[in-house]
A.B. asks: 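Would you mind keeping the following structure in view while I ask a few things?
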Amino acid sequence: MNKIAGLFVVISSVISAQQPMSLVECENAFQQNNLQLLAEQYSINMADADILQAKIWELPQMSGYINGYNPEDRKFLDAGRAKGFEVTQLIYMGGKKKNEIAFAKSNKELAQLQFSQLLVELRTQLQTNYYNLYYEKLKLENVNKQLGYMNDLLKAYKIQSAKGNVSLKDEVRLQSIVIQLNNDKVGINKNLLEFEQNLKVLTGITENIEPQISEQEAKEILAAQPFGDEAELKRKALENNADYLFILKLIDNSKLYAQWQKSLNVPDLNVGMEYDQASGTFNNEINLKVGIPIPLWKSNKGNVEKANYAIKQNQKNAEFQKLSLETKVQSAFQVWKTQYDQLSEIKSTDLSNLDLVYDGMLKNFRNGNISLIEFTDFMESYRQTALQIYDMKNDLMESAIQLNQLVQTKIFY
């Protein structure tokens, strides 16, 4: 009785370790729990802090003095006879503060684009691993189905081989198929562990995720086609791809930086007020003080030149990024179309016929209507074909996800 209760505990723990989730549910968990996203969000907060800092002026400077030694009265630290103080404030000229603030705001826009790009990349990983897991589980189900029958058949042949009723060659032939199926199963399980681990990291969910996709929904997703042609997809990518928009924004950012550096060549004013008790022209005089550096040369000339080169560099990088993005979209679209056309050639009736033939071969072999050689040849062909079809579907899904990542807008019906 205790053994049975313990078995139920084990079974229930295995079941509870599987959490059925749709892709939308996974994406919601991903946005709430993903540690990389949460960490990157602080970059935007830090950019806000930089804007706040850029708006802050230098503090006023205050200094004072008292008499150190009075030679007439022979008295040290005679504060009653001679003392004074002054207050000065640095006044920024040439629009320095305005340019610094504009540059800081531009940095925040860059941080937001970096966050957007990270979001797209991680969501792409999430979707890819989700569908990989879905199709690997279907492959495992198919392999287990074949293994169930082939293991029973192999056991029966081993018994008959030991009795001398069938040849050892027939037993070995069946054994080779079982070994190959088990090898397939090991590879699939290894992939499943990898995909499950990736989803846990991406979503922050510790349980193994069970993809919830109906067969009809999977068919509709695979049948989806992108809006517009290749040229339209390129145009949308240039309008929405965060990586490319980041490079464009970087040009504006470098121009703002160059403008800021140029304004640093303009001398600033030091304006202040001074009180002097006795050492000036008048007793208890109050003086206005103004100071400015003598602009004999441009003290920030090197940084201005460097900033101008950064503009040219970013402009060239933007040209490269545009060409690279258009090329990637073209390649991704062609890959998707090739895989779509290839899978479209396989009709649902063909898949049904494949399963019908499989069931028919099993029945005919049991009834002795076909030889072992014919049966094993078919099983090997069926094994390869079944796995290839699942891989084709998964590859098509991945190419669509890749196209989505590049265009970064709704492109599928």
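Index from 1, following the sequence.
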A.B. asks: Which heavy atom in F333 sits nearest to a heavy atom in P226, and how many Å separate them?
C.D. replies: CE1-CG, 4.0 Å

A.B. asks: Could you name each residue pair satisfying salt bridge (Lys or Arg N to Asp or Glu O under 4.0 Å) that touches residues 145-167, not counting sequence neighbours?
C.D. replies: none

A.B. asks: Filter on side-chain hydrogen bond (donor to acceptor under 3.5 Å, both in side chains), then keep only pairs touching residues 325-336, sequence neighbours left out; what's left?
C.D. replies: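 Checked against side-chain hydrogen bond (donor to acceptor under 3.5 Å, both in side chains) - neighbours excluded - the pairs reaching residues 325-336 are E230-Q330.
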
A.B. asks: I need the full list of ring-ring contact (aromatic ring centres under 6.0 Å, His included) pairs touching residues 350-369, with sequence neighbours left out, sorted by first then second residue.
C.D. replies: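 Those involving residues 350-369 are Y358-Y382, F365-F375.
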
A.B. asks: I'd like a table of donor-acceptor pairs (distance under 3.5 Å, sequence neighbours excluded) in which one partner is a side-chain atom from residues 291-302, with atom names and distances.
C.D. replies:
from: N300; atom 1: OD1; to: N303; atom 2: ND2; distance (Å): 2.8
from: N300; atom 1: ND2; to: Q261; atom 2: O; distance (Å): 2.9
from: N300; atom 1: ND2; to: Q261; atom 2: OE1; distance (Å): 2.8

A.B. asks: Going by ring-ring contact (aromatic ring centres under 6.0 Å, His included), name the pairs with one or both residues in residues 96-116, residues two or more places apart or in two chains.
C.D. replies: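 Of all non-adjacent pairs touching residues 96-116, those that pass ring-ring contact (aromatic ring centres under 6.0 Å, His included) are F103-Y257, F103-W260.
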
A.B. asks: Just grab all the ring-ring contact (aromatic ring centres under 6.0 Å, His included) pairs involving residues 21-65, residues at least two apart or on different chains.
C.D. replies: W57-Y92

A.B. asks: Only counting residues at least two apart or in another chain, list the ones meeting side chain to side chain donor-acceptor pair (under 3.5 Å) with E27.
C.D. replies: Q127

A.B. asks: Does anything in residues 168-190 form a salt bridge (Lys or Arg N to Asp or Glu O under 4.0 Å)? List the pairs, not counting sequence neighbours.
C.D. replies: D184-R383

A.B. asks: Please list all pairs meeting salt bridge (Lys or Arg N to Asp or Glu O under 4.0 Å) that have one or both residues in residues 109-121, counting only residues at least two apart or in different chains.
C.D. replies: E109-K249

A.B. asks: Taking only residues at least two apart or on different chains, which pairs with a member in residues 39-51 satisfy salt bridge (Lys or Arg N to Asp or Glu O under 4.0 Å)?
C.D. replies: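 For residues 39-51: D48-K108.
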
A.B. asks: Donor-acceptor pairs under 3.5 Å, side chain of residues 311-320 to any protein atom, not counting sequence neighbours: which ones?
C.D. replies:
from: N314; atom 1: ND2; to: S254; atom 2: OG; distance (Å): 3.4
from: N314; atom 1: ND2; to: A310; atom 2: O; distance (Å): 3.1
from: N317; atom 1: ND2; to: Q313; atom 2: O; distance (Å): 3.4

A.B. asks: With sequence neighbours excluded, tell me which residues meet ring-ring contact (aromatic ring centres under 6.0 Å, His included) with Y390.
C.D. replies: none

